[in-house]
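Beneath this line is the structure, given in structure tokens, with notes to follow.
Residue numbering restarts at 1 for every chain, and letters A, B, ... go by the order of the sequence lines.
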Protein chains: 2
Amino acid sequence: MSSAVPPFSARPHALYGLLACVRLTAFEQRAADAGRAASYEDKVVLAGLATGAFAQFELLRDRLIEAGADPYEAMRPYQDAISAFHERARPADAMEALTKVYVADSILADLYREAVEKADPGTRAVVHESLADSGHAEILTERLRAAAENDARLASRLGLWARRLVGEALSQAHALAEQNPEVGALFGEEGVAAMFGRIVDRHQARMRAVVLRD
Amino acid sequence: MSSAVPPFSARPHALYGLLACVRLTAFEQRAADAGRAASYEDKVVLAGLATGAFAQFELLRDRLIEAGADPYEAMRPYQDAISAFHERARPADAMEALTKVYVADSILADLYREAVEKADPGTRAVVHESLADSGHAEILTERLRAAAENDARLASRLGLWARRLVGEALSQAHALAEQNPEVGALFGEEGVAAMFGRIVDRHQARMRAVVLRD
């Protein structure tokens with residue numbers, strides 16, 4: 001690697017800070033979506049997804065504290081780009097909120113998992129755990145599939161929404177890499193684009209799984 | 001008991017429905033307070049309290065499902081009274097939100113624990129678990145004590161706010177008992193008033209623990 005920036009694995013607290021910020025913000029968004037959900041079922045699924053994100057935040061925060069870092073300081077450089085993503089990708093209702101978790105979270109998880117493939121096993125384990133399904137993926141997939149199968153108009157709207165989310169998720173990653181050299185180094189010299197093909201392939205498979213066109 | 005209403009312990013799903021509603025609503029309120037919190041520290045404490053409430057909701061919901069009840073239907077009779085409480089007791093900032101958890105949750109927990117003292121051991125265990133500290137009480141007490149010790153004006157404002165919360169919590173219990181015969185039966189013939197003295201004693205001890213005047 002010709003970059004002067006040391007690889008992320010040498011400074012895991014920067015990566016943990018980024019992911020802690022991703023997870024705490026996900027908690028806030030999902031909890032707010034749960035608060036707005038019109039149906040009891042959607043409210044409970046979104047609240048469960050929120051608590052899952054918070055548990056992952058706690059894991060990362062505890063690793064940061066163990067490493068002697070201040071969690072808040074470690075998260076701060078990434079807050080603007082992550083908040084901007086959520087500002088631009090505001091779900092109009094609970095089904096869009098569920099689609100957002102399903103689509104955008106999976107893309108970001110794929111990106112970060114690819115990015116730490118060459119990191120040390122300890123860092124890799126923490127990152128994988130912080131991106132893992134918190135036990136709500138199955139019910140999420142079921143809800144989306146059932147909705148798409150029963151309502152062609154809803155399926156079409158969610159398909160468009162998902163396409164927008166792909167763009168927003170990838171542009172969040174681009175913005176983070178541009179504004180933070182250590183994130184840029186994480187994605188390597190070719191940047192986010194190098195991973196693009198593989199990540200879009202996986203996204204398309206996920207869309208087919210819930211009967212949404214991508 | 002001269003009431004024609006069977007005691008709550010004979011129909012634990014009604015009690016579980018009430019407490020599930022209390023807990024899911026607490027999740028929503030705390031999560032919304034976390035979203036509004038200005039400081040990282042308060043945000044994380046409130047988010048932790050929210051996830052604790054959701055875990056307790058899940059416990060009650062699972063007991064309801066095991067008992068063959070529809071959790072949503074079991075919660076529904078109590079939603080209006082509980083939402084009305086939160087409407088009337090809207091914290092202005094994170095310190096008021098933390099005080100609300102500390103004061104109102106403890107009073108309601110005391111009430112329901114007293115109410116199930118004569119229930120069967122299984123019901124009592126579920127109720128106690130659903131009302132237990134989710135591991136955040138210590139940090140909550142510390143935050144309030146530190147704030148009250150360092151800022152006399154804030155301590156005075158929180159003291160007034162706590163007094164209002166006592167009234168609102170007790171009137172929530174009264175409203176629930178009046179509108180729902182099974183809750184009235186839970187509190188016995190003398191009603192909420194019979195427990196009032198003991199509950200206010202414990203409230204005053206908690207206020208002293210955080211250096212707030214009651």
Kindly check if the number of other-residue, nucleotide or ligand heavy atoms within 6.0 Å of [atom1] ([X]) is above 12?
X        : atom1 : value
A:Glu129 : CD    : no
A:Glu66  : CD    : yes
A:Leu154 : CG    : yes

Is B:Arg30 in contact with chain A via its backbone, its side chain, both, or neither, using a 4.5 Å heavy-atom distance?
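Interface part for B:Arg30: neither.
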So which of A:Lys43, A:Glu41, A:Glu58 has the largest heavy-atom pair count under 4.5 angstrom toward chain B?
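Most heavy-atom pairs within the cutoff with chain B belong to A:Lys43.
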Could you tell me which non-hydrogen atom of B:Pro71 sits nearest to which non-hydrogen atom of A:Tyr40, and how far apart they are?
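Between these two residues, the closest heavy atoms are CB-OH, 3.4 Å.
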Compare every heavy atom of A:Phe54 with every heavy atom of B:Val44, then report the nearest pair and how far apart it is.
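In this case the closest contact between B:Val44 and A:Phe54 is O-CZ, 3.6 Å.
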Chain B heavy atoms under 4.5 Å from A:Tyr72: which part of the residue, side chain, backbone, both or neither?
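Backbone plus side chain of A:Tyr72, per the 4.5 Å heavy-atom cut-off to chain B.
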Which bit of A:Ala32 is near chain B, if near means a heavy-atom gap under 4.5 Å: side chain, backbone, both or neither?
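Answer is neither: A:Ala32 stays 4.5 Å or more from chain B.
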